[in-house]
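Numbers here are sequence positions counted from 1. All ligand and atom numbering here is 1-based and tracks the order in the structure.
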Amino acid sequence: MSFLDPARGPVAIARGARTNLALLALLAVAFLTGWVAFAYATAPARWSLVLHAGGGFAILALLPWKSMIARRGLRRPQPGRWASVLFGVLVIVSLVAGLLHSTGVLVYIGPLTAMDFHVGAAIAAVPFAIWHVVARRVRVRATDLSRRNVLRGGVVVAGAALAYGASELVVKATGAPGAVRRFTGSYEAGSFEPRLMPVSSWLFDAIPVVDPSVWRLRAGGRSWSYDEIFVFDDRMTATLDCTGGFYSTQEWAGVRLDRLIGQPDGGSIRVVSSTGYDRRFPVDRARTLLLATRAGGRELDAGHGFPARLIVPEGRGFWWVKWVTAIEVDDLPHWWQPPFPLQ
Ligand code: HEM
Ligand code: HEM
């Protein structure tokens with residue numbers, strides 16, 4: 001390396017290091033705020049997504065600088081270059097899919113959604129990101145936090161905020177499909193028309209075929225048949241907001257959980273699917289949760305959880321356990337579970 005070459009000299013390298021460090025911080029912000037948004041179906045989801053989009057736009061703003069660093073790196077024969085390139089491809093797929101979703105240019109891609117690609121590519125990028133940062137180590141210097149560099153960072157953040165604001169205005173002004181997103185970023189689909197509601201599951205659950213004459217529900221210390229559950233007629237209008245990027249409001253009917261299990265004093269309620277999928281809830285939510293057997297006055301279909309599924313107003317779709325076979329109360333606290341299901 002020649003220090004006389006301005007593209008490779010110590011100044012260029014220090015700048016490159018700062019760009020890389022800024023990217024590291026922004027990737028962490030985007031990743032974390034994405035998950036915070038998924039954890040809520042209420043106002044914090046919006047605030048988190050504003051930060052998220054700002055972080056995403058700031059990454060976009062730094063890409064021209066990063067491409068100079070990457071070109072410099074690619075010119076050297078270093079082991080593992082393919083992993084850096086794959087990392088780059090995954091980040092770009094995630095960014096493009098996020099923008100396709102938010103503008104509404106392309107929301108469904110075959111059986112998947114742009115959101116599935118967005119989050120899937122981001123998760124797949126994590127091991128490469130860790131490898132990249134360890135293998136292409138960057139030296140942190142005290143001057144990285146000098147007034148001038150903090151100001152530079154501020155300019156990037158302000159530019160990203162402006163670009164995000166402008167993109168939202170353009171989407172609204174042009175009436176692009178993205179203009180009608182819910183505050184979680186999701187699109188309306190099949191509301192009050194259960195048959196038009198998309199079918200989706202968290203990760204790997206296949207749709208089970210259940211024979212209602214042999215199906216049993218364990219709840220409140222006894223076993224219930226389908227007919228016994230079906231006669232209940234508690235109703236609730238609630239919105240299923242799927243992390244795949246759509247939402248659907250339906251009138252659900254079935255049985256409130258407190259009618260099946262009473263009002264337990266402590267511990268938590270565990271709702272279990274025939275697939276083994278489960279989620280826990282605080283016991284004081286029993287009155288607000290519904291085990292639905294019908295949507296829009298008709299029996300559920302298999303994809304939507306037949307014979308019975310949970311309705312969790314104010315919970316994203318992954319809380320709405322389908323194909324329920326047991327509702328248990330035990331001593332474990334409701335937070336004794338991964339924040340997002342692992343299966
Ligand atoms: C590499 C990490 C990630 C980057 C760089 C990134 C970046 C972006 C960008 C640029 C957008 C478009 C923003 C807009 O125009 O409104 C977006 C949207 C979105 N992202 Fe991410 N994202 C990342 C990871 C994630 C993860 C892990 C999740 C969820 C667990 C997530 C959830 C979302 C959601 C829900 C939207 C839609 C927001 C809306 O339409 O208002 N993202 N992301
Ligand atoms: C948007 C996220 C990022 C992408 C897409 C990306 C991609 C790349 C690519 C394709 C290369 C060239 C191939 C190679 O040298 O292996 C590279 C080099 C490099 N990256 Fe990244 N990177 C990103 C973030 C980071 C971060 C967060 C750091 C460290 C904190 C970092 C540090 C480096 C370093 C030190 C080099 C080597 C430059 C040289 O040899 O002159 N990168 N990056």
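Within the 4.0 Å heavy-atom criterion, neither part of R316 lies near ligand 1. Heavy atoms from both the backbone and the side chain of W35 come within less than 4.0 Å of ligand 1. The proximity of L26 to ligand 1, defined as any non-hydrogen pair under 4.0 Å, does not occur for either the backbone or the side chain.
Nearest-heavy-atom check against atom 20 (N) of ligand 2 across R137, R136, H132 picks out H132. Nearest-heavy-atom check against atom 31 (C) of ligand 1 across H52, R182, R46, R181 picks out H52. Taking only non-hydrogen atoms, the option from N20, L24, L21 nearest to atom 33 (C) of ligand 2 is N20.
Short contacts between ligand 1 and G98, defined as distances under 4.0 Å to a heavy atom of the residue, involve ligand atoms 12 (C). Near H101, with a cut-off below 4.0 Å to any heavy atom, the atoms of ligand 1 are 37 (C), 40 (O). Applying the 4.0 Å criterion to heavy atoms of G185 picks out, from ligand 1, the atoms 39 (C), 40 (O), 41 (O). Of all atoms in ligand 1, numbered sequentially from 1 with element shown, those under 4.0 Å from a heavy atom of F57 are 15 (O). Shown in contact with Y164 at under 4.0 Å from a heavy atom are these atoms of ligand 1, numbered in order with element: 16 (O). Which parts of ligand 1 touch A30 is read off a 4.0 Å heavy-atom cut-off, strictly below it: atoms 3 (C), 4 (C), 5 (C). When each atom of ligand 2 is checked for a heavy atom of R76 under 4.0 Å away, the hits are 39 (C), 40 (O), 41 (O).
For ligand 2, one of its N or O atoms has an N or O atom of Q78 under 3.5 Å away. Residue S84 places at least one N or O, backbone or side chain, under 3.5 Å from an N or O of ligand 2.
Nearest to atom 37 (C) of ligand 1 among the protein's heavy atoms is M115 CE, 3.5 Å. Residue, atom and distance of the protein heavy atom nearest to atom 28 (C) of ligand 1 are G34 CA, 3.5 Å. Protein heavy atom in closest approach to atom 2 (C) of ligand 1: A122 CB, 3.9 Å. If you check which protein heavy atom lies closest to atom 16 (O) of ligand 1, you get S102 OG, 3.3 Å.
Taking the ring axis of Y40 as reference, the NZ or CZ atom of R46 does not stay both within 45° of it and closer than 6.0 Å to the ring centre. Both cation-pi conditions hold for R222 and W224: the charged atom is under 6.0 angstrom from the six-membered ring centre and inside a 45 degree cone around its axis.
A salt bridge links E328 with R218; the closest basic N to acidic carboxylate O contact falls under 4.0 Å. A salt bridge is defined here as a Lys NZ or Arg NE, NH1 or NH2 lying under 4.0 Å from an Asp or Glu carboxylate O, and R285 with E314 fails to meet this definition. Salt bridge status for E188 with R182: absent, with no side-chain N to carboxylate O gap under 4.0 Å.
Distance alone, capped at 3.5 Å, places no donor-acceptor pair between the R309 side chain and the L291 backbone. In this structure, the side chain of E228 engages the main chain of S225 through a donor-acceptor pair within 3.5 Å. With hydrogens and angles ignored, the 3.5 Å screen pairs no side-chain donor or acceptor of H118 with any backbone N or O of A97. One N or O on the side chain of R294 and one on the backbone of F230 form a donor-acceptor pair closer than 3.5 Å. Between the side chain of S94 and the backbone N or O of V91, no donor-acceptor pair lies under 3.5 Å.
Relative orientation of the F340 and F318 rings is tilted, given thresholds of 30° and 60° on the angle between their planes.
Ring to ring, F87 and H132 are close: their centroids are under 6.0 angstrom apart.
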